[in-house]
Amino acid sequence: MGISTSMRQSGRRVRIQDGFWNQFTELVRGTVIPYQWEALNDRIPDAEPSYAIRNFRIAAGMEEGEFGGFVFQDSDLAKWIEAVGYSLASQPDPELERTTDELIELIAKAQHANGYVNTYYSIKEPGNEWTNLHEAHELYCAGHMMEAAVAYYEATGKRRLLDVVCKFADYIDTVFGREQGKLRGYDGHQEIELALVKLYQATGEDRYLKLALFFIDERGQSPNFLIEECKQRGGYSHWAKKELPIPTIEQIAYNQAHVPVREQDVALGHSVRAVYMYAAMADLARLTDDRELLEACRRLWDNTTKRQMYITGGIGSTHQGEAFTIDYDLPNDTVYAETCASIGLIFFARRMLLLEAKSEYADVLERALYNNVLGSMSRDGKHYFYVNPLEVWPKASLNNPDRKHVKSVRQKWFGCSCCPPNVARLLTSLNDYIYTTSAEDNKIYTHLFIGSEAQFELAVGQVALKQQTRLPWEGYVRIELTATPDAEFTLALRIPSWCYGQAVLKINGKISEYDVENGYATVTSQWAQGDNVEWEPVLEAQLITSHPEIRANAGKAAIERGPLVYCLEETDNGSLLPNLSIDREAELNSYFDHELLGGAVVIEAAGHADERASWQANMSYRPLAQQQVSEPVKLKAVPYYLWGNRQPGEMLVWIRV
């Protein structure tokens with residue numbers, strides 16, 4: 001296998017120092033990680049129990065008891081360790097490291113002699129390992145543990161957990177493959193594929209990369225493994241606890257296993273599984289120079305982001321299976337848009353950037369990050385949304401069975417709590433998403449405008465820079481070069497989609513021309529230490545409309561300002577938000593509100609409210625001719641990521657025009 005190194009991430013040589021983002025990274029470090037540790041130990045009053053630590057203690061023989069939680073409960077713990085690893089990489093914490101070391105010893109004690117690690121099968125069904133890959137998430141859990149081990153090893157240099165997962169991966173390699181006597185199978189929930197790539201990159205062990213490629217290429221082959229496995233169980237389902245009809249090929253699309261992945265061009269099925277798989281496909285396309293796999297990634301990217309993505313960067317429009325449906329089916333009030341799905345989309349976007357630096361990937365990454373992901377966590381770091389709606393009616397959420405999944409208040413924890421530790425591991429690794437380099441071409445790409453200090457190794461030598469920014473509130477970025485080689489190299493700054501090509505570049509205070517390459521402003525020069533580049537993309541509030549086929553948004557508009565989507569909340573605009581409308585030519589007045597949840601730009605605009613007073617309480621309908629003139633009102637919109645942090649109430653993103 002040939003390995004391409006033309007595009008690579010900047011790794012741990014990036015340190016975030018940013019007025020906006022520091023509040024979140026510090027929140028995760030100081031509050032979220034400790035809070036989630038308490039949750040994993042079942043010490044949060046009135047919250048659903050996790051059972052995660054307890055399961056490992058039972059599996060390790062340290063206490064008696066029954067397995068608790070979902071079959072994939074181990075993964076929550078693994079994601080927490082991964083977040084800890086990223087956090088320690090940026091800021092050492094001896095006490096946190098000691099706690100994690102003790103946890104790793106617990107995991108090691110629960111490991112079988114052959115390398116297997118899984119508390120469900122160790123406690124609940126010993127001897128039945130690898131008999132229900134369709135439903136039981138064994139390889140999914142293994143993958144999350146691998147990702148945790150790599151992050152912790154890279155942060156601390158400690159190999160204990162890395163050795164555990166390498167032994168596990170070596171065992172998995174003896175179980176799965178095309179050789180005689182091995183299972184030609186794969187997990188029902190993709191995850192291990194991208195994790196094995198990380199393990200390969202950390203260890204240099206080619207077998208892990210080849211195993212990842214096997215899992216990707218075996219998926220969807222005929223005869224279909226998941227269907228044949230189900231037949232061997234007589235249709236018995238872990239979730240239903242009874243025999244069910246054998247799934248059809250069409251139903252296996254839920255697992256993206258209906259056809260080989262290289263033939264897929266439409267995002268189908270469970271949204272998190274899909275984007276985790278797409279991320280692994282992009283990794284493998286890059287590392288093995290596989291053009292066919294790259295083309296599949298491009299097709300799936302286009303369908304996912306251009307036909308099945310919400311304006312907030314959410315994906316997965318139905319709660320039935322947490323899944324995609326069809327192109328442009330994007331309901332706002334029964335939406336799913338799981339937090340994990342947006343995080344997986346961010347993983348996919350980053351890997352596509354490593355393959356080919358195109359601004360559309362970073363645009364989506366930024367959209368999902370600033371809106372869906374940030375909006376999923378409360379400002380106190382202790383409450384979370386699993387589902388991220390674009391319209392909320394609290395009474396319906398409480399009383400309509402079809403909207404029970406849509407919450408108007410963030411929860412302390414979940415029985416299925418995949419999302420909170422996923423947020424933690426993303427935000428603590430955010431430094432990995434800001435830049436990439438093309439070392440041979442001597443290019444440094446800035447994808448996200450986040451204040452940071454960074455160092456890069458190019459073919460011509462070392463470059464160091466400091467980025468300062470006023471985003472998301474103002475369109476201003478300043479990059480100072482603090483170390484440069486004695487040779488030319490190129491700076492490439494993303495031209496964000498929200499500025500519609502309107503941006504000014506200044507070098508050392510003078511307006512400068514720039515070339516445009518795949519949505520990036522590029523300047524090649526023999527830079528000198530102390531040179532500074534100012535990048536000023538136009539940032540202003542505007543009304544956004546949607547494709548005519550997105551029926552839920554017909555006759556409506558949303559408000560965007562820079563990377564942020566805005567919404568109306570009941571606390572600012574009263575109830576019955578769907579009865580409000582905004583004037584098409586309304587001036588969108590932006591101002592910074594220092595009192596709003598730590599400070600944020602809010603937007604006010606002229607609008608109208610349907611007249612209510614003439615309606616009788618026992619009247620549901622009447623002739624339109626009797627409708628009274630609507631009343632002028634002032635609408636107030638706040639950033640979507642802040643919604644639900646004040647008084648509970650209605651929320652609305654898409655407003656009638």
Side-chain angles (χ1 to χ4, degrees), residues 310-312 314 316-320 323 325-326 328-337 375 385-411 543-559 565-586 603-638 640 643-644 646-657:
Y310 285 92
I311 193 172
T312 54
S317 56
T318 176
H319 71 284
Q320 295 289 341
T325 54
I326 57 174
Y328 303 119
D329 179 30
L330 296 168
N332 297 309
D333 55 349
T334 59
V335 54
Y336 207 73
F385 283 135
Y386 194 105
V387 172
N388 295 279
L390 285 80
E391 181 176 341
V392 173
W393 179 14
K395 288 182 180 179
S397 294
L398 289 173
N399 298 290
N400 184 337
D402 290 332
R403 299 190 188 186
K404 288 281 188 179
H405 61 289
V406 176
K407 306 298 183 186
S408 60
V409 177
R410 294 174 180 83
Q411 308 297 296
L543 292 178
I544 304 296
T545 189
S546 63
H547 192 284
E549 291 195 45
I550 304 179
R551 295 166 181 256
N553 301 336
K556 299 177 182 178
I559 300 173
V565 174
Y566 277 69
C567 67
L568 305 182
E569 284 197 272
E570 181 178 344
T571 188
D572 300 312
N573 300 280
S575 62
L576 296 181
L577 295 181
N579 286 4
L580 301 177
S581 60
I582 189 167
D583 295 342
R584 180 182 294 273
E585 304 300 328
I603 297 171
E604 292 184 345
H608 287 83
D610 290 348
E611 186 272 334
R612 308 180 197 176
S614 64
W615 283 84
Q616 298 176 20
N618 61 351
M619 177 190 295
S620 292
Y621 310 99
R622 71 181 184 189
L624 179 61
Q626 296 180 16
Q627 181 68 20
Q628 303 296 308
V629 176
S630 60
E631 303 166 350
V633 294
K634 181 182 288 185
L635 305 177
K636 181 177 180 180
V638 300
Y640 176 82
W643 90 270
R646 295 176 292 169
Q647 297 298 318
E650 296 180 32
M651 184 275 291
L652 187 72
V653 169
W654 288 96
I655 311 163
R656 287 191 304 155
V657 176

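Note that these values count all heavy atoms, side chains included, but never hydrogens, waters or copies made by symmetry.
A donor-acceptor pair under 3.5 Å is formed between the side chain of Glu569 and the backbone N or O of Gly644. A donor-acceptor pair under 3.5 Å links the side-chain atoms of Gln411 to the main chain of Val409, judged by distance alone. Checking side-chain atoms of Ser397 against main-chain N and O of Val406 turns up a donor-acceptor pair under 3.5 Å. For Tyr386 (side chain) and Tyr336 (main-chain N/O), no donor-acceptor pair under 3.5 Å exists by modelled atom type.
Residues that satisfy the ring-ring contact (aromatic ring centres under 6.0 Å, His included) test with His608, not counting sequence neighbours, are absent from this structure. Taking the side-chain hydrogen bond (donor to acceptor under 3.5 Å, both in side chains) definition, one finds that Asp610 meets it with Arg656, sequence neighbours left out. Not counting sequence neighbours, Gln628 has no partner by the side-chain hydrogen bond (donor to acceptor under 3.5 Å, both in side chains) test. Evaluation of the side-chain contact (heavy atoms from CB on, under 4.5 Å) rule for Gln626 yields Arg622, Pro623 as partners, not counting sequence neighbours. With sequence neighbours excluded, the residues forming a side-chain hydrogen bond (donor to acceptor under 3.5 Å, both in side chains) with Glu604 are Tyr591, listed by chain and number. Residues meeting the side-chain hydrogen bond (donor to acceptor under 3.5 Å, both in side chains) test with Asp572, sequence neighbours left out: Arg646. Scored by the side-chain contact (heavy atoms from CB on, under 4.5 Å) test, Glu585 finds no partners at all (sequence neighbours excluded). For Ile326, the side-chain contact (heavy atoms from CB on, under 4.5 Å) partners at least two apart in sequence or on another chain are Asp329. The side-chain contact (heavy atoms from CB on, under 4.5 Å) search around Pro578 returns Glu391, Glu650, not counting sequence neighbours.
Distance check, rounded to the nearest 0.5 Å: CG of Leu398 to CH2 of Trp393 gives 11.5 Å.
Leu635 pairs with exactly one of Ile559, Ile582, Leu577 by the side-chain contact (heavy atoms from CB on, under 4.5 Å) rule, that one being Ile582.
When side chains are defined from C-beta on, Cys567 does not count as touching Val565, because their heavy atoms never get closer than 4.5 Å.
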Q | Pair Thr318-Thr325, side-chain hydrogen bond (donor to acceptor under 3.5 Å, both in side chains): steps then yes or no | A | CA-CA 7 Å; Thr318 176; Thr325 54; over 6 Å; no
What side-chain donor-acceptor pairs closer than 3.5 Å can you find for residues 545-556, not counting sequence neighbours?
{"residue": "Ser546", "atom": "OG", "partner": "Asn553", "partner atom": "ND2", "Å": "3.3"}
{"residue": "His547", "atom": "ND1", "partner": "Glu549", "partner atom": "N", "Å": "3.0"}
{"residue": "Asn553", "atom": "OD1", "partner": "Asn332", "partner atom": "ND2", "Å": "2.9"}
{"residue": "Lys556", "atom": "NZ", "partner": "Ala552", "partner atom": "O", "Å": "3.3"}

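Residues in residues 397-406 take part in these salt bridge (Lys or Arg N to Asp or Glu O under 4.0 Å) pairs, two or more places apart or across chains: Asp333-Arg403.
Aromatic ring pairs are classed by plane angle as parallel below 30°, tilted from 30° to 60° and perpendicular above 60°; the pair Trp643 and Phe385 is parallel.
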